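The shown structure was predicted, so the numbers you read here are calculated from the model rather than taken from an experiment.
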Amino acid sequence: MIALGNDHAGLELKNAIKLHLDERKIEYKDFGTYTSDSADYAVYAEKTARAVVSGECELGLLFCGTGVGISIAANKVKGIRACCCSDKFSAEMTRLHNNANILCLGGRVVSVEKAIELVDVFLDTKFSGEERHIRRINQVIDLENRF
Ligand code: RB5
């Protein structure tokens, strides 16, 4: 199950990605917002992030205008490693090396075609599990626990 969330500026891209997930028969839960009325990204980042941290959803996809605001907000939730990407290499590496659990995309930055490419590589790539990456992620978790 994939968690989805967005503000008004990410709505159109999220809806396009939902069609793509439907085609791939990938299940998702949409935490809103559902209309183009102005909405605050932190609200939807939190709902989506909590679904990932609780284990209800395996991974998350978040959308705002740039992907930046919603990634900053999601990363405030303990256990979230959200990455804002607009290139395929980073979307792949953030799963392989950072074990990122949320991908954030900018509806005003990437095309639907590019977003599909990024979503596919993000969802299809597994964490490498290599010792050095586990060590580095644990350092980040430690940092999170000290504040
Ligand atoms: C909304 O206009 C916009 O600021 C928001 O979607 C996002 O891009 C913030 O980072």
Side-chain angles (χ1 to χ4, degrees), residues 1-127 133 136-147:
M1 182 70 70
I2 305 300
L4 305 179
N6 58 286
D7 71 0
H8 56 288
L11 180 73
E12 222 176 283
L13 187 56
K14 178 195 71 180
N15 286 338
I17 292 300
K18 280 169 76 169
L19 294 177
H20 178 66
L21 296 177
D22 289 340
E23 274 173 24
R24 287 196 55 184
K25 300 193 185 346
I26 294 173
E27 289 188 321
Y28 53 81
K29 190 161 179 190
D30 185 352
F31 292 91
T33 185
Y34 309 110
T35 74
S36 56
D37 294 345
S38 184
D40 300 329
Y41 53 76
V43 173
Y44 303 96
E46 183 183 355
K47 289 175 195 277
T48 306
R50 288 201 186 283
V52 172
V53 163
S54 71
E56 180 187 359
C57 294
E58 191 187 328
L59 293 171
L61 301 173
L62 285 172
F63 308 85
C64 70
T66 57
V68 175
I70 210 154
S71 65
I72 291 172
N75 275 314
K76 298 294 179 192
V77 177
K78 215 175 223 194
I80 289 299
R81 289 177 299 280
C83 175
C84 178
C85 288
S86 53
D87 70 280
K88 189 179 175 184
F89 180 71
S90 300
E92 182 179 9
M93 296 310 279
T94 202
R95 290 286 302 128
L96 268 177
H97 286 192
N98 314 126
N99 200 10
N101 45 19
I102 296 186
L103 175 69
C104 304
L105 299 172
R108 296 171 179 162
V109 178
V110 292
S111 64
V112 170
E113 193 182 32
K114 174 59 75 176
I116 287 172
E117 183 181 46
L118 302 178
V119 165
D120 280 347
V121 76
F122 185 80
L123 298 183
D124 295 342
T125 304
K126 296 218 176 323
F127 176 50
H133 297 305
R136 290 164 190 160
I137 292 167
N138 283 338
Q139 288 168 350
V140 174
I141 292 169
D142 182 51
L143 187 63
E144 187 175 62
N145 287 332
R146 279 189 280 122
F147 288 93

task = Over 60° means perpendicular and under 30° means parallel, so classify the ring planes of H97 and H133, tilted if in between.
result = parallel
key: Residues which pass side-chain contact (heavy atoms from CB on, under 4.5 Å) with T125, listed by chain and number, not counting sequence neighbours   = E92, R95, L96, V121
side-chain contact (heavy atoms from CB on, under 4.5 Å) involving A51 - partner list, sequence neighbours excluded = A3, F31, E56, C57
Where [X] and [Y] come nearest, the two heavy atoms and their spacing:
{"X": "S86", "Y": "V109", "value": "CB-CG1, 4.2 Å"}
{"X": "G107", "Y": "L13", "value": "CA-CD2, 3.9 Å"}
{"X": "G60", "Y": "V52", "value": "N-CG2, 3.8 Å"}
{"X": "D7", "Y": "G65", "value": "OD1-N, 4.0 Å"}
{"X": "L118", "Y": "C85", "value": "CD1-O, 3.7 Å"}
{"X": "I102", "Y": "F122", "value": "C-CZ, 3.6 Å"}

request  = Would you check, one step at a time, whether the test side-chain contact (heavy atoms from CB on, under 4.5 Å) holds for D30 with N6?
outcome  = CA-CA 9 Å; D30 185 352; N6 58 286; 4.3 Å; yes
With heavy-atom distances below 4.5 Å as the criterion, would you say the side chains of [X] and [Y] are in contact?
{"X": "L123", "Y": "L21", "answer": "yes"}
{"X": "E144", "Y": "V140", "answer": "no"}
{"X": "F127", "Y": "I137", "answer": "yes"}
{"X": "L4", "Y": "I2", "answer": "yes"}
{"X": "L61", "Y": "L105", "answer": "no"}
{"X": "L62", "Y": "C64", "answer": "no"}

inquiry  = Strictly distance-based, threshold 3.5 Å: is any side-chain N or O of E46 a donor or acceptor partner for the main-chain N or O of A73?
reply    = no
Count the heavy atoms belonging to other residues, nucleotides or ligands that lie under 6.0 Å from [atom1] of [X], then report whether that count exceeds 12.
{"X": "K29", "atom1": "NZ", "value": "no"}
{"X": "Y44", "atom1": "OH", "value": "yes"}
{"X": "D40", "atom1": "CG", "value": "no"}

query = Which residue pairs pass the salt bridge (Lys or Arg N to Asp or Glu O under 4.0 Å) test with at least one member in residues 60-84, sequence neighbours excluded?
reply = none
request  = Applying side-chain hydrogen bond (donor to acceptor under 3.5 Å, both in side chains), name anything that partners N138, two or more places apart in sequence or on another chain.
outcome  = none
side-chain hydrogen bond (donor to acceptor under 3.5 Å, both in side chains) partners of N98, counting only residues at least two apart = T94
task = Any chance you could measure N15, atom CG, to S36, atom OG, to the nearest 0.5 Å?
result = 10.0 Å
request  = Tell me, with the steps shown, if I17 and Y28 meet side-chain contact (heavy atoms from CB on, under 4.5 Å).
outcome  = CA-CA 11 Å; I17 292 300; Y28 53 81; over 6 Å; no
inquiry  = Strictly by side-chain hydrogen bond (donor to acceptor under 3.5 Å, both in side chains), give each pair with a member in residues 111-121 just once, sequence neighbours left out.
reply    = H20-D120, R24-D120, K114-E117
request  = For the pair K18 and D22, find out whether any cationic side-chain nitrogen is under 4.0 Å from an anionic carboxylate oxygen.
outcome  = no
